[in-house]
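Structure record follows, encoded as structure tokens.
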Amino acid sequence: MPQSKWGSAVIANPFSHRSMDEAILTALNMPEEERRTRMKLLRDAVSRRDIKAWGDQLEAEFSALKAAQRRRTFHSAYQRGA
């Protein structure tokens with residue numbers, strides 16, 4: 001079963017009956033201790049990735065893109081003027 005960026009999640013393609021069946025069987029056959037450990041890790045990850053954290057990350061990525069765009073624009077203008 002593939003892993004996700006969430007690490008502990010049981011991954012399934014929601015558009016595939018076979019994938020969903022396999023994921024459900026994987027989860028049902030998983031030892032209780034492993035289920036509890038995975039669920040704790042997922043809850044911890046979700047609690048750290050609240051809307052504020054998501055917004056802060058998005059804002060930082062947009063700022064980085066804007067800065068990169070400015071550098072490219074400056075570089076292009078400099079080359080035309082040279």
Side-chain angles (χ1 to χ4, degrees):
M1 187 76 31
Q3 292 244 317
S4 73
K5 69 178 184 176
W6 292 100
S8 298
V10 175
I11 305 304
N13 176 352
F15 300 104
S16 165
H17 294 287
R18 180 178 295 150
S19 177
M20 291 296 294
D21 291 349
E22 288 175 4
I24 290 168
L25 284 173
T26 297
L28 289 172
N29 292 323
M30 194 178 291
E32 182 179 356
E33 185 63 29
E34 183 178 353
R35 281 196 318 265
R36 290 183 181 279
T37 300
R38 285 174 173 242
M39 201 61 223
K40 181 181 180 338
L41 291 169
L42 288 169
R43 284 188 181 118
D44 291 347
V46 168
S47 72
R48 287 190 307 271
R49 298 288 302 158
D50 63 4
I51 190 69
K52 181 171 179 352
W54 177 78
D56 290 347
Q57 179 184 355
L58 203 55
E59 185 177 11
E61 290 174 9
F62 285 146
S63 294
L65 286 171
K66 193 172 184 179
Q69 185 179 28
R70 281 192 198 121
R71 286 191 300 274
R72 281 194 303 275
T73 303
F74 175 78
H75 183 68
S76 296
Y78 179 75
Q79 283 183 333
R80 278 185 260 132

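Closest heavy-atom contact between Leu41 and Ser8: CD1-OG, 3.1 Å. Here the shortest heavy-atom pairing between Arg35 and Leu28 reads NH1-O, 4.3 Å. In this structure, Ser19 and Ala12 approach most closely via the heavy-atom pair OG-CA, 3.3 Å. Among all heavy-atom pairs drawn from Ala53 and Arg48, the shortest one is CB-O, 3.4 Å.
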Worksheet entry | Derivation of the side chain to side chain contact (heavy atoms under 4.5 Å, CB included) call for Arg18 and Asn13 | CA-CA 9 Å; Arg18 180 178 295 150; Asn13 176 352; over 6 Å; no

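Residue Leu58 is grouped with residue Leu65 when hydrophobic side chains (ILVMFWY) are merged at heavy-atom distances under 4.5 angstrom, including chains of intermediate members. Linking ILVMFWY residues whenever their side-chain heavy atoms come closer than 4.5 Å, directly or via other members, leaves Ile51 and Leu42 in distinct clusters. The cluster map of Ile, Leu, Val, Met, Phe, Trp and Tyr, joined by side-chain heavy atoms under 4.5 Å apart, puts Trp54 and Phe62 in the same cluster.
Atom CD of Glu59 is surrounded by 12 or fewer heavy atoms from other residues, nucleotides or ligands within 6.0 Å.
Atom CG in Asp56 sits 8.5 Å away from atom CG in Asp50 (nearest 0.5 Å). Residue Gln69 holds its CD atom at 11.0 Å from CZ of Arg71, rounded to the nearest 0.5 Å. Once rounded to the nearest 0.5 Å, the distance linking CE of Met20 with CG of Leu25 reads 11.5 Å. The OG1 atom of Thr37 lies 4.5 Å from the CD atom of Glu33; values are rounded to the nearest 0.5 Å.
Side chain of Ser47 to backbone of Asp44: a donor-acceptor contact under 3.5 angstrom is found.
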